[in-house]
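In what follows, a structure is listed as structure tokens, so that the remarks can point back to it.
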There are 2 protein chains.
Amino acid sequence: MTAPLTPAGSPPPRDLLARYRAGDLRALARAVTLAEAGLPGARPLLRAARERAASGARAVVLGVTGSPGSGKSTLTDALIAHLRARGQRVAVLAVDPSSPYSGGAILGDRIRMLRHHADAGVFVRSLASRGALGGLSARTMSVLSLLEGAGQAGTAFDWVILETVGVGQSEVDIAAACDHTLLVLTPAGGDGVQAFKAGIMEIADVIAVNKADLPGAARTVRELMAAQGLGAHDEHTWMAPIRQTIASKAEGLDALIDAVEAHRAHLGETGLLARREARAEFEVRSLVQERLLRLARERSGDLYARVARGELDADEAADTLLEQA
Amino acid sequence: MTAPLTPAGSPPPRDLLARYRAGDLRALARAVTLAEAGLPGARPLLRAARERAASGARAVVLGVTGSPGSGKSTLTDALIAHLRARGQRVAVLAVDPSSPYSGGAILGDRIRMLRHHADAGVFVRSLASRGALGGLSARTMSVLSLLEGAGQAGTAFDWVILETVGVGQSEVDIAAACDHTLLVLTPAGGDGVQAFKAGIMEIADVIAVNKADLPGAARTVRELMAAQGLGAHDEHTWMAPIRQTIASKAEGLDALIDAVEAHRAHLGETGLLARREARAEFEVRSLVQERLLRLARERSGDLYARVARGELDADEAADTLLEQA
């Protein structure tokens, strides 16, 4: 028997798991590609990643969200540099769950991050995949787990940052996908009041008022604090620390990192374990929904037309689809 | 046999369908309450509503979305007044799928609309229900169908407007839930560029640059037009008309209404039928997902914990849940 041909430069699959476990970044890149494509080859890698993450060695998994234009990408880039200066290893997953239509514009913002490419302590990956429901996909969750569980003592990432374009469901999903959620706002246009009205303040564990050199930063902080006071709370409630940053000048980042670490201390072992289970739940539920939507597309026949004509209840149609699952 | 007791003032159920069909607004309000609660009593009403909507008499079903602070509620209120002046009957469903936390602030914006309460040609209802997935719920879709199918010639609504707080999944859902989608932006803070970057421009059939008396309105319109030009298009592509409005002064509304009607003409009979089927599909799929999420909550046991520990694949866990469906 001759050995099967492998494309030049791709590692033989039997080595991949060992190299992924050792912290080889090229093996990680390959593993991410497998997971993103939903290929079965990713499964042993994913199990290894979760075993490692559950064994105690734990990265800070931080979600970064906020409205487009708040400077999330610039802030993430500044965080990378700052964490590297502290000797931390950093992985970043930048997800654009919106359409390919806007792909160019988003990409432009992120080119900056590529300057870290030569740094072996930094891994940056962009995903364009959109979940079946418009938010984060189950595969994005898999990739996040791979980043979290890669390597071993000395080669593992200390921080894993998930950054998404703050739009649609992804804004809500990010809180379910990470241990800590950083909400990025700006002093412009009453961002604070809008975040409150839109109900996204609740998902924040830490709030950055970025572009704090613009007029109104202090007022925005005051408004946010007033809004926080309106929510039901007691002495155990975590009140998201509000920090002013100027990402483009790398100002305010130490205080921001400290605030994330304070939230980590607040969660404690029990809280982090609960977050990890919630993240697994989110991934499994996303998978279930994605499969069901595929099924609904493939087997619906004239079901929807009949509902539209009033011949069938929506409830009856839902029963029919679920019976086929 | 004695007749069952009914609460004072509530019509006997056997009359409800007839009164709903006749266009009685109190019967409609009762029907909406039944549908919102998901009670079986709503089913014959829903079928009647869809039969009527499919029979040819068709309301303009308009979704209004946009970032918080863009003036959606004020614009909707101004649209009501303007459409009434044209002799049109209008129903408005205002949905707040965000959390109860922000309920107060939202409600404040909508109190204005209550001034139409005494007008028998206007029906306004607010729903606080949130879909299991954070967006519009299947029940919201039912209520929308009830508004669309109420009454008969002379008492039916000519326009049914669905207005949501533009946040999370609801922003994407609204395009699936309506015949026409109006995206409301403002000249402030580069709203146009942000909408483009966030990928929500695509869902718009008509765009209002509201608060057009603020500086930058003309620039925002230019940016939006430039962004439209970037998308793939040919001579059949609908380019969303961009109209400047000042809702607080009722300016620009005629041109806005004309733009919606132009989109209606563009869709034609075939296009409207396709939209109606897509809406039914969205409702059925929402129902399926809501049921499945309930199931996943009730029967998951330690499934998620095992995935978090790396003992079980997320795919295997998804299989297990789907087998129980």
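All chains are named by letter (A, B, ...) in the order of the sequence lines, taking the proteins before the strands, and each is independently numbered beginning at 1.
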Requested in this report: Can you tell which part of E283(A) gets under 4.5 Å to a heavy atom of chain B, answering side chain, backbone, both or neither?
Outcome: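 For E283(A), the contact with chain B is made by the side chain alone.
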Query - Side chain Y304(A), main chain F282(B), donor-acceptor under 3.5 Å - result: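 Side chain of Y304(A) to backbone of F282(B): no pair is present.
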Query raised in the report: Is the backbone of S70(A) close enough, under 3.5 Å, to the side chain of N210(A) for a donor and an acceptor to pair up by distance?
Result: yes
Query raised in the report: Taking NZ, NE, NH1 and NH2 as the nitrogens, is one of them in R306(B) or E316(B) under 4.0 Å from a carboxylate oxygen of the other?
Result: no
Report task. Heavy-atom pairs under 4.5 Å with chain B are the metric here; pick the option from V307(A), D315(A), L46(A) that has the most. Result ->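 So the answer, after comparing V307(A), D315(A), L46(A), is D315(A).
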Requested in this report: Output the option from E277(B), R279(B), E281(B) having the highest count of non-hydrogen pairs under 4.5 Å with chain A.
Outcome: E281(B)
Query - Top of D313(B), L287(B), D319(B), L303(B) for chain A proximity - count of heavy-atom pairs under 4.5 angstrom - result: D313(B)
Report summary line: The residue among R50(B), R58(B), R276(B), R52(B) that forms side chain to side chain donor-acceptor pair (under 3.5 Å) with E148(B) is R276(B)
